Amino acid sequence: MSLGPYTYVTLSLRPESTPHVGVSFHTPDLKVRAGLLLSSPRPYLEFNSYEADVHISTTGAGPVTDTDLAIAREIFTAAARYLADCEQLHAEQADKDATADTTGPTT
């Protein structure tokens with residue numbers, strides 16, 4: 001089953017527990033940007049759609065820590081994996097579509 005584009009946001013609140021927010025972007029309208037806030041200075045990463053925004057920055061919005069560097073490396077590695085998977089699946093789909101076009105019924 002394939003749905004149309006959407007962004008899914010959930011908020012879970014349980015007594016005596018930390019709240020949990022989940023954001024799932026499934027839309028071509030997603031914007032991603034990174035930069036450096038010069039007033040602080042600190043780096044940031046943003047994911048935005050019409051329905052939700054996710055902002056990532058350093059611990060406590062303060063100086064860059066060793067943990068912040070480790071998280072940034074994890075984000076980089078995960079993004080590279082996501083790109084590689086998307087490229088592979090896109091190529092496989094293009095090959096499948098090309099094969100379907102050449103083996104389909106003729107009129």
Side-chain angles (χ1 to χ4, degrees):
M1 178 174 85
S2 180
L3 301 173
Y6 67 95
T7 298
Y8 188 74
V9 180
T10 60
L11 174 60
S12 300
L13 299 170
R14 294 188 178 135
E16 300 180 30
S17 294
T18 302
H20 180 266
V21 177
V23 180
S24 298
F25 294 106
H26 303 274
T27 174
D29 296 324
L30 184 63
K31 305 290 185 239
V32 180
R33 117 184 139 152
L36 184 65
L37 294 174
L38 297 177
S39 60
S40 300
R42 73 175 192 267
Y44 66 89
L45 176 63
E46 296 179 336
F47 298 85
N48 308 95
S49 75
Y50 292 114
E51 299 88 1
D53 300 322
V54 174
H55 304 268
I56 300 168
S57 189
T58 55
T59 303
V64 177
T65 66
D66 290 341
T67 302
D68 294 325
L69 286 173
I71 291 169
R73 288 183 186 109
E74 287 180 41
I75 292 169
F76 178 84
T77 301
R81 171 69 189 266
Y82 178 70
L83 173 61
D85 290 346
C86 285
E87 287 175 336
Q88 178 183 352
L89 291 171
H90 187 263
E92 289 172 5
Q93 291 163 356
D95 289 344
K96 185 177 178 181
D97 291 345
T99 302
D101 288 345
T102 60
T103 60
T106 58
T107 55

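The basis for the numbers below is simple: all heavy atoms, side chains too, and nothing from hydrogens, waters or symmetry mates. Not measured: the values here are computed from a predicted model.
Using a 4.5 Å heavy-atom cutoff, the side chains of V54 and L45 are not in contact.
Judged as a salt bridge (Lys or Arg N to Asp or Glu O under 4.0 Å), and not counting sequence neighbours, D95 has no contacts. Remark: R33 pairs with E46 by the side chain to side chain donor-acceptor pair (under 3.5 Å) rule, at least two apart or across chains. For T65, the side chain to side chain contact (heavy atoms under 4.5 Å, CB included) partners two or more places apart in sequence, or in a different chain, are T59, T67, D68. The side chain to side chain contact (heavy atoms under 4.5 Å, CB included) check on P63 picks up nothing, with sequence neighbours excluded. With sequence neighbours excluded, no residue forms a side chain to side chain donor-acceptor pair (under 3.5 Å) with T58. Qualifying side chain to side chain contact (heavy atoms under 4.5 Å, CB included) partners for E92, counting only residues two or more places apart in sequence or in other chains: Q88, L89. Residues meeting the salt bridge (Lys or Arg N to Asp or Glu O under 4.0 Å) test with R73, sequence neighbours left out: none.
Criterion: ILVMFWY side-chain heavy atoms under 4.5 Å apart, direct or through other members. Under it, L37 and I75 are not part of a common hydrophobic cluster. Residues I56 and L36 do not share a hydrophobic cluster, clusters being chains of Ile/Leu/Val/Met/Phe/Trp/Tyr side chains in contact below 4.5 Å.
Judged as a ring-ring contact (aromatic ring centres under 6.0 Å, His included), the pairs with a partner in residues 26-50 (not counting sequence neighbours) are, in order, Y6-H26. Residues in residues 82-91 take part in these salt bridge (Lys or Arg N to Asp or Glu O under 4.0 Å) pairs, two or more places apart or across chains: R81-D85. Among pairs with a residue in residues 62-100, none fulfils ring-ring contact (aromatic ring centres under 6.0 Å, His included), at least two apart in sequence or across chains.
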Next on the checklist: Could you walk me through whether T27 and S49 satisfy the side chain to side chain donor-acceptor pair (under 3.5 Å) test, starting with their C-alpha distance in whole Å, then the side-chain angles of each, then the deciding distance to 0.1 Å, before giving a yes or no?
Outcome noted: CA-CA 8 Å; T27 174; S49 75; over 6 Å; no
Identify every side-chain donor-acceptor pair in residues 17-25 under 3.5 Å, counting partners at least two apart or on other chains, and give the distances.
none

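R42 approaches S57 most closely through the heavy-atom pair NE-OG, 3.0 Å.
The other residues sharing a hydrophobic cluster with V64 are L69, where clustering joins ILVMFWY side chains under 4.5 Å apart.
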